[in-house]
Amino acid sequence: MQITEPQVTFETAKKLGLTQDEFDKIKSILGRVPNFTELSIFSVMWSEHCSYKNSITYLKKLPREGKRLLVEAGEENAGLVDIGDGLACAFKIESHNHPSAIEPYQGAATGVGGIHRDIFTMGARPIAALNSLRFGNIDLKHTRHLVKGVVSGIGNYGNCFGVPTVGGEVYFNDCYNQNILVNAMSVGIVKVGETVSAVADGPGNPIFIVGSATGKDGIHGATFASADLTEDSADDLPAVQVGDPFQEKLLLEASLEAIKTGAVVGMQDMGAAGITCSCSEMSAKSGTGMLVDLDKVPTRQANMKPFEILLSESQERMLIIGEKGKEHLLEAVFEKWDLECEIIGEVTDTGHIEFMQNGVRVAHVPSEPLVLGGGAPVYQRAYAEPAYVAELKKFNAASIAVPTDFVATAKQLFAAPNIVSKRWVYEQYDSMVRTNSMSTNKPSDAALVRVKGSEKALAVTTDCNSAYVYADPYVGAMIAVSEAARNIVCSGGEPVAITNCLNFGNPYDTGVYWQFVHALKGMGEACEKFNTPVTGGNVSFYNQSIVKQADGSTTTEPVFPTPTIGMLGILDHFSQQMTMDFKAENDIIYLLGETKEDINCSEYLRTVHQVPFSPAPHFDLAEEFKVQKAVKELIAAKLIQSAHDISEGGLFVTLTESAMVNGFGFRVQTEASIRKDAYLFGENQSRVVVSVTPAQQAAFEAALAKTGINSTKLGEVFGTDIEIDAENYGPIKDWKHSYDHTLANKIEVN
């Protein structure tokens with residue numbers, strides 16, 4: 001049977017997202033014009049999503065070494081950290097933004113499935129999931145549709161797969177009206193020395209494809225993720241994959257069992273670019289090659305073309321390199337779990353990957369030039385500070401009137417979508433499956449998960465206030481890392497390492513690239529300060545929409561730069577957990593850290609005064625480090641009853657959140673030397689609210705004095721009402737009711 005393909009010209013390459021220089025480079029590498037299948041292979045492997053061609057230069061500048069790291073960043077499917085007792089934690093965060101914007105349910109669901117596969121491909125069992133979600137204006141019907149679809153996709157996939165969703169964050173801003181962000185994180189546990197690498201060692205070893213059959217869903221998904229969204233992007237729906245969590249559960253158990261047979265040489269998830277990516281990366285890493293017969297690939301449709309099989313991103317599939325002579329061991333495992341398991345080729349020593357169909361060689365390309373660090377293009381784009389930065393620096397806080405009615409102002413702020421409880425979201429996630437979660441009934445700033453079989457616990461969090469990053473990418477990214485560390489410290493943990501998901505607009509936009517470069521600089525400095533190296537992650541460019549205007553012109557609307565931080569922390573004993581809730585009446589409330597007269601970039605400014613843009617809030621990295629060190633020492637000495645960091649909404653929201661858990665009220669005094677709205681609602685960083693028993697007050701203050709940080713005695717836990725400066729703000733139960741139900745009421749509007 002003869003295989004006919006389109007004639008390849010530069011126009012063909014251009015439609016696949018390649019530039020003239022890239023097309024010329026491909027011809028130089030091959031010594032000829034590629035055929036269509038080969039061109040398709042290069043197009044996905046050199047897409048931004050797979051090659052990181054516009055970001056790798058700056059990614060390599062991030063701190064990537066640490067005494068606990070077991071693999072170097074980018075070397076495996078996920079980061080791997082030694083947590084002691086012979087155990088390691090594999091963790092990673094990735095985006096699934098474009099698919100979720102087009103088809104929210106499947107886009108989010110397959111994002112969850114894909115990130116879990118990255119974890120168990122390494123031999124680790126996923127024990128927890130987190131996410132970071134960004135949506136547009138919640139008052140828009142389209143936004144509510146996206147919220148419902150994404151949350152259902154995450155919840156249904158995770159619940160069926162059997163891994164609890166233990167934490168995350170949800171933000172709303174108009175910049176995400178069309179281009180939402182869906183970042184998913186997975187955390188797994190494995191014994192040190194029992195991991196599997198994504199390698200293709202041993203010429204002659206068999207190549208298996210296992211799991212689901214290959215269909216036409218997800219073709220050119222990597223290319224789709226490397227382009228701007230337009231009003232016509234719904235036409236690209238075939239680029240959105242379809243997931244099956246029950247199939248993935250079988251694949252999880254079968255994969256872990258297969259590893260135990262000793263017959264697995266290497267294994268990699270088929271994510272972006274499908275078979276193409278797995279074959280290329282595994283053979284390039286080992287310096288080997290592959291000969292693959294596409295006729296042996298199980299397919300869901302008849303007569304699939306070579307490029308369709310190779311580029312399909314059908315879910316729940318793995319590529320396994322087995323040990324020759326032990327094929328029967330792997331086949332028996334996957335037969336037991338009723339999963340496809342087919343030998344589709346063998347490892348060679350050629351350094352090339354060759355694909356056959358119907359006895360014809362349909363593609364023959366070297367693997368090394370396809371992958372990052374081998375021969376894929378690397379670019380440094382031009383960048384320049386965008387004009388908006390100078391404009392927002394003109395903001396003058398003195399022009400903002402101090403409220404005359406603070407109770408009304410507090411209620412207005414407390415109803416903001418970015419402040420209120422995301423209960424409607426997380427109640428659709430199963431957080432208790434596998435019974436490891438420690439944070440469901442004892443809330444901490446980070447999610448805590450028991451490590452079964454040991455006394456350890458993991459503290460995990462996702463954090464980024466993108467409004468801060470938009471205002472100042474360098475400072476905003478430092479704050480993102482610092483807040484993640486602060487959340488872990490306030491939960492009793494020691495920050496260890498991060499994974500990141502870098503969501504930005506089009507890298508060809510000089511302003512966007514300026515944001516990217518400066519955000520990575522700030523992230524790197526903060527990671528060095530907290531000794532939290534970067535274990536890997538994901539870059540997601542092209543998060544912007546091209547919108548057609550009535551006159552036929554178009555405008556480009558990038559999202560806020562959103563470098564989401566997924567951080568891992570460790571508690572050597574689960575009893576070290578610190579929670580955020582006030583414990584008893586008459587406990588004394590202290591503020592650790594210094595409050596500045598600063599309302600910059602606050603939810604208060606945006607919600608109450610409708611000032612959308614202003615400079616980033618005050619932040620000093622050395623000051624932040626000192627405050628976190630002090631909190632760790634106070635927790636270790638068992639001198640505090642609760643700890644809760646100050647973030648969105650300022651001191652008022654932090655106090656109220658700590659009080660609501662057990663129904664306590666509080667009475668506090670503000671400082672007359674600082675304007676009251678800044679004191680209550682400002683978001684200057686490096687501050688933590690703690691509570692102390694009267695019996696421990698003296699010992700606490702003595703220990704606090706040794707830390708050298710600023711602190712203020714605010715007041716005490718008292719009654720069931722909120723009282724500030726002797727003014728009654730009403731019962732805590734009313735604030736809690738508003739907090740718990742405001743978002744649900746908005747989302748459920750038809």
Side-chain angles (χ1 to χ4, degrees), residues 133-144 146-148 151 168-177 400-428 443 465-468 580 599-614 617 644-661 663-666 668 670 676-683 689 720-724 727-750:
L133 310 177
R134 314 283 161 148
F135 299 103
N137 189 327
I138 193 60
D139 293 326
L140 298 177
K141 185 175 182 179
H142 178 65
T143 297
R144 296 194 294 272
L146 292 173
V147 171
K148 291 175 183 178
V151 172
E169 57 180 1
V170 184
Y171 282 89
F172 300 91
N173 190 285
D174 287 356
C175 74
Y176 305 108
N177 277 344
I400 303 298
V402 177
T404 56
D405 186 339
F406 270 87
V407 176
T409 300
K411 288 181 177 179
Q412 185 179 354
L413 172 63
F414 210 66
N418 288 337
I419 297 295
V420 296
S421 170
K422 309 310 183 289
R423 182 175 180 173
W424 182 91
V425 173
Y426 67 70
E427 283 188 342
Q428 298 186 53
N465 186 316
S466 61
Y468 297 168
M580 60 181 279
I599 57 175
N600 284 351
C601 216
S602 60
E603 282 294 327
Y604 163 68
L605 264 186
R606 285 187 288 274
T607 300
V608 177
H609 296 283
Q610 288 76 55
V611 178
F613 309 115
S614 55
H644 188 19
D645 84 311
I646 294 177
S647 55
E648 289 84 11
L651 175 63
F652 176 82
V653 170
T654 299
L655 288 167
T656 306
E657 288 177 340
S658 291
M660 289 188 303
V661 179
F664 288 114
F666 58 86
V668 298
T670 63
K676 190 170 178 177
D677 55 348
Y679 198 85
L680 288 178
F681 310 131
E683 297 176 13
V689 169
T720 57
D721 287 6
I722 295 176
E723 184 181 302
I724 301 174
E727 181 177 9
N728 191 288
Y729 282 53
I732 196 71
K733 63 180 179 61
D734 292 347
W735 291 89
K736 179 171 172 48
H737 184 273
S738 173
Y739 184 78
D740 285 343
H741 298 287
T742 296
L743 184 62
N745 291 338
K746 285 181 174 290
I747 293 174
E748 295 297 347
V749 173
N750 291 327

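Because the structure is predicted, anything quoted here is derived from the model rather than measured.
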Atom of [X], atom of [Y] and distance for their closest heavy-atom approach:
{"X": "Gly730", "Y": "Trp735", "result": "O-NE1, 3.9 Å"}
{"X": "Pro403", "Y": "Thr409", "result": "CB-OG1, 3.3 Å"}
{"X": "Pro617", "Y": "Asn600", "result": "CB-O, 3.9 Å"}
{"X": "Thr742", "Y": "Ala415", "result": "CG2-O, 3.7 Å"}
{"X": "Lys422", "Y": "Val170", "result": "CE-O, 3.3 Å"}

Exercise. Just wondering, do Glu683 and Ile646 contact through their side chains at under 4.5 Å, heavy atoms?
Worked result: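 No - every pair of side-chain heavy atoms lies 4.5 Å or more apart.
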Exercise. Do Ile732 and Lys736 have side-chain heavy atoms sitting under 4.5 Å apart?
Worked result: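 The answer is no; the side chains never approach within 4.5 Å.
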Exercise. Quick check: does any side chain N or O of Glu723 sit under 3.5 Å from a backbone N or O of Phe666, one acting as donor and the other as acceptor?
Worked result: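 Between the backbone of Phe666 and the side chain of Glu723 there is no qualifying donor-acceptor contact (under 3.5 Å).
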For this session: May I ask you to decide if Asn137's main-chain N or O and Asn177's side chain share a donor-acceptor pair within less than 3.5 Å?
Result: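 Checking the backbone N and O of Asn137 against the side chain of Asn177, a donor-acceptor pair under 3.5 Å is found.
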Exercise. Are more than 12 heavy atoms from other residues, nucleotides or ligands located less than 6.0 Å from atom NE2 of His741?
Worked result: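 Above 12, so yes.
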Could you tell me the separation between the [atom1] atom of [X] and the [atom2] atom of [Y], rounded to the nearest 0.5 Å?
{"X": "Met660", "Y": "Ile722", "atom1": "CE", "atom2": "CD1", "result": "8.5 Å"}
{"X": "Leu413", "Y": "Ser602", "atom1": "CG", "atom2": "OG", "result": "8.0 Å"}
{"X": "Ile724", "Y": "Leu655", "atom1": "CD1", "atom2": "CG", "result": "7.0 Å"}
{"X": "Thr720", "Y": "Phe664", "atom1": "OG1", "atom2": "CZ", "result": "10.5 Å"}
{"X": "Phe172", "Y": "Ile138", "atom1": "CZ", "atom2": "CD1", "result": "4.0 Å"}
{"X": "Glu657", "Y": "Ser421", "atom1": "CD", "atom2": "OG", "result": "9.0 Å"}

Exercise. Between Asn465, Thr654, Asn418, which is the residue that forms a side-chain contact (heavy atoms from CB on, under 4.5 Å) with Glu648?
Worked result: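 In the set Asn465, Thr654, Asn418, the residue that makes a side-chain contact (heavy atoms from CB on, under 4.5 Å) with Glu648 is Asn465.
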Exercise. Can Glu748 and Arg144 be said to form a salt bridge (Lys or Arg N to Asp or Glu O under 4.0 Å), step by step?
Worked result: CA-CA 8 Å; Glu748 295 297 347; Arg144 296 194 294 272; over 6 Å; no
Could you go through residues 605-613 and list every donor-acceptor pair under 3.5 Å that involves a side-chain atom there, pairing it with any protein atom two or more places apart or in another chain?
| unit_1 | atom_1 | unit_2 | atom_2 | d |
| --- | --- | --- | --- | --- |
| Arg606 | NH1 | Cys601 | O | 3.3 |
| Arg606 | NH2 | Cys601 | O | 3.4 |
| Arg606 | NH2 | Glu603 | OE2 | 3.1 |
| Thr607 | OG1 | Glu603 | O | 3.0 |
| His609 | NE2 | Tyr604 | OH | 2.8 |
| Gln610 | NE2 | Thr607 | O | 2.7 |

For this session: Just say parallel, tilted or perpendicular for the rings of Phe406 and Phe681, cut-offs at 30° and 60°.
Result: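 The arrangement is parallel - the two ring planes meet at less than 30°.
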Exercise. Any side-chain donor-acceptor pair under 3.5 Å between Tyr729 and Thr656?
Worked result: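 Not at all, the side chains of Tyr729 and Thr656 share no donor-acceptor pair under 3.5 Å.
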